[in-house]
Amino acid sequence: EISILKKIFKSYMRIRPSLLLVLCFFLGLEVFSQLSKQQKLDSLKTKFQVDSTHMHRKHKYSFLAGFDTRNSFVSAEKKISVKLQGVKAGVMINGRHQLAAGYYSVINLPQKEVVDEAGTKYNLKLNMEYLTLYYQYVLLNTKRWEIGIPVELGGGNYHTTATDTGGKKYKPFTDTLKTGISLFGAGVDVSFKIFRWLGFNAMGGYRFVGGAEPKGINFNGVFYSVGLEIYFGQLYKMAKFGLKRRSYKKNVEKIKHLPD
């Protein structure tokens, strides 16, 4: 009997919080139904204002993610314009500190056409990819402007591949071993916010690369990017607030049509 009572008591203790929530909900409905029409409107307005303030509060942490495309230069027989494409993800802390990690590959690096002993033409292409850790301190963050100092440190590799004139792998050529490199970059990042959800961004800096670079190639160089920036976090907030305001207006109309 004692064992049965214990089981009943434990079951009651598990159910009790749910029962309390249900009772509080119906009690709230009962209290709200006893209010006058104006009191209901005032109560609804106060709740909407509280919810809106909470929704637009500044967060200590916010998630960052996106694609990153940069232009740069490498030195061979002459300076060659190349493009870096990558992705990065991280977190913003207190609106001042950005911490992120990214992966990048450098496209349109120098290619060289070679003819083998049999007279077959093939292309030698240089490939480079790396991982990076990224930190940016935001010096200025106003309604319209954001200015930051980004610094990144990373490591990766480069190697050479060969393809025939049809773009297929040239089998007689053995790809070179991947050679490790390290890199450090720093610059300035400036954004002008056209709208809360859309801005114009310009970034520029210099990249230093360490390690055994390919003969006749220098990876050190300037990098820059210019383009539009979409703030998906702001779009999410605006959509959420729009739904909340729509619900508020519907509830106001319902209360207005209630009998006095």
For residues K193 and Y231, report the shortest heavy-atom separation together with the two atoms involved.
-> CG-OH, 3.7 Å
Are M203 and V151 joined in one hydrophobic group, where the rule is that I, L, V, M, F, W and Y side chains link up if heavy atoms are under 4.5 Å apart?
-> no
Let me see the working for F232 and I230 under side-chain contact (heavy atoms from CB on, under 4.5 Å), right down to the final yes or no.
-> CA-CA 6 Å; F232 290 101; I230 299 174; 3.9 Å; yes
Do we see a donor-acceptor contact under 3.5 Å between the side chains of N157 and T179?
-> no
Are M128 and I217 connected, step by step, through hydrophobic side chains (Ile, Leu, Val, Met, Phe, Trp, Tyr) whose heavy atoms are closer than 4.5 Å?
-> yes
Between N220 and V209, is there a donor-acceptor pair closer than 3.5 Å when you use the side chain of the first and the backbone of the second?
-> yes
Kindly indicate whether the side chain of Y61, heavy atoms from C-beta on, has any atom under 4.5 Å from the side chain of N94.
-> no
Work out which heavy atom in S191 is nearest to a heavy atom in N201; give both atom names and the distance.
-> OG-ND2, 2.8 Å
Would E253 and R246 pass as an ion pair if we require N to O under 4.0 Å?
-> no
Tell me, please, whether Y134 has K88 positioned over its six-membered ring: NZ or CZ under 6.0 Å from the ring centre and within 45 degrees of its axis?
-> yes
Taken to the nearest 0.5 Å, the spacing of M92 CE from F63 CZ works out to 13.0 Å
Looking only at heavy atoms, what is the nearest atom pair of E146 and N141, with distance?
-> OE1-OD1, 3.8 Å
Hey, mind stepping through E152 and L133 against side-chain contact (heavy atoms from CB on, under 4.5 Å) and telling me if it holds?
-> CA-CA 6 Å; E152 57 185 353; L133 294 176; over 6 Å; no
Looking only at non-hydrogen atoms, find the nearest pair between V222 and S72 and report the distance.
-> O-OG, 2.7 Å
Dump the intermediate steps for side-chain contact (heavy atoms from CB on, under 4.5 Å) on I80 and F73, then the final yes or no.
-> CA-CA 5 Å; I80 301 170; F73 298 95; over 6 Å; no
Applying the 4.5 Å side-chain criterion to the ILVMFWY set and letting contacts propagate, would V87 and V106 be lumped into a single cluster?
-> no
Between atom NZ of K60 and atom CD1 of I93, what is the distance when rounded to the nearest 0.5 Å?
-> 8.0 Å
Can the ring centres of Y137 and Y135 be said to be less than 6.0 Å apart?
-> no
Interatomic spacing from OG1 in T142 to CZ in F192 - rounded to 0.5 Å | 9.0 Å
Quick one: pull up CG in L153 and CZ in F184 and give me the separation to the nearest 0.5 Å.
-> 7.5 Å
Walk me through it: do Y248 and K45 pass the test side-chain contact (heavy atoms from CB on, under 4.5 Å)?
-> CA-CA 8 Å; Y248 167 72; K45 182 179 179 181; 3.7 Å; yes
Taking all atoms of both residues into account, what is the closest heavy-atom pair of I194 and R144, and its distance?
-> O-NH1, 2.7 Å
ILVMFWY network linking F67 to V91, side-chain heavy atoms under 4.5 angstrom = no
Donor-acceptor contact present, side-chain R207 to main-chain L183, <3.5 Å = no
Is it true that Y224 and F200 fall in one hydrophobic cluster, defined by side-chain heavy atoms closer than 4.5 Å?
-> no
Taking atom OH of Y236 as the centre, report whether more than 12 heavy atoms of other residues, nucleotides or ligands fall under 6.0 Å from it.
-> no
Would you please classify the geometry between the Y104 ring and the Y130 ring as parallel, tilted or perpendicular, with 30° and 60° separating the classes?
-> parallel
Which heavy atom of Q136 sits nearest a heavy atom of G148, and at what distance?
-> NE2-CA, 3.8 Å
Could you state the interatomic distance from OG (S225) to CG (L84), rounded to the nearest 0.5 Å?
-> 10.0 Å
What distance separates L139 CG from R96 CZ, expressed to the nearest 0.5 Å?
-> 7.5 Å
R70 side-chain N/O to K83 backbone N/O, donor-acceptor pair under 3.5 Å | no
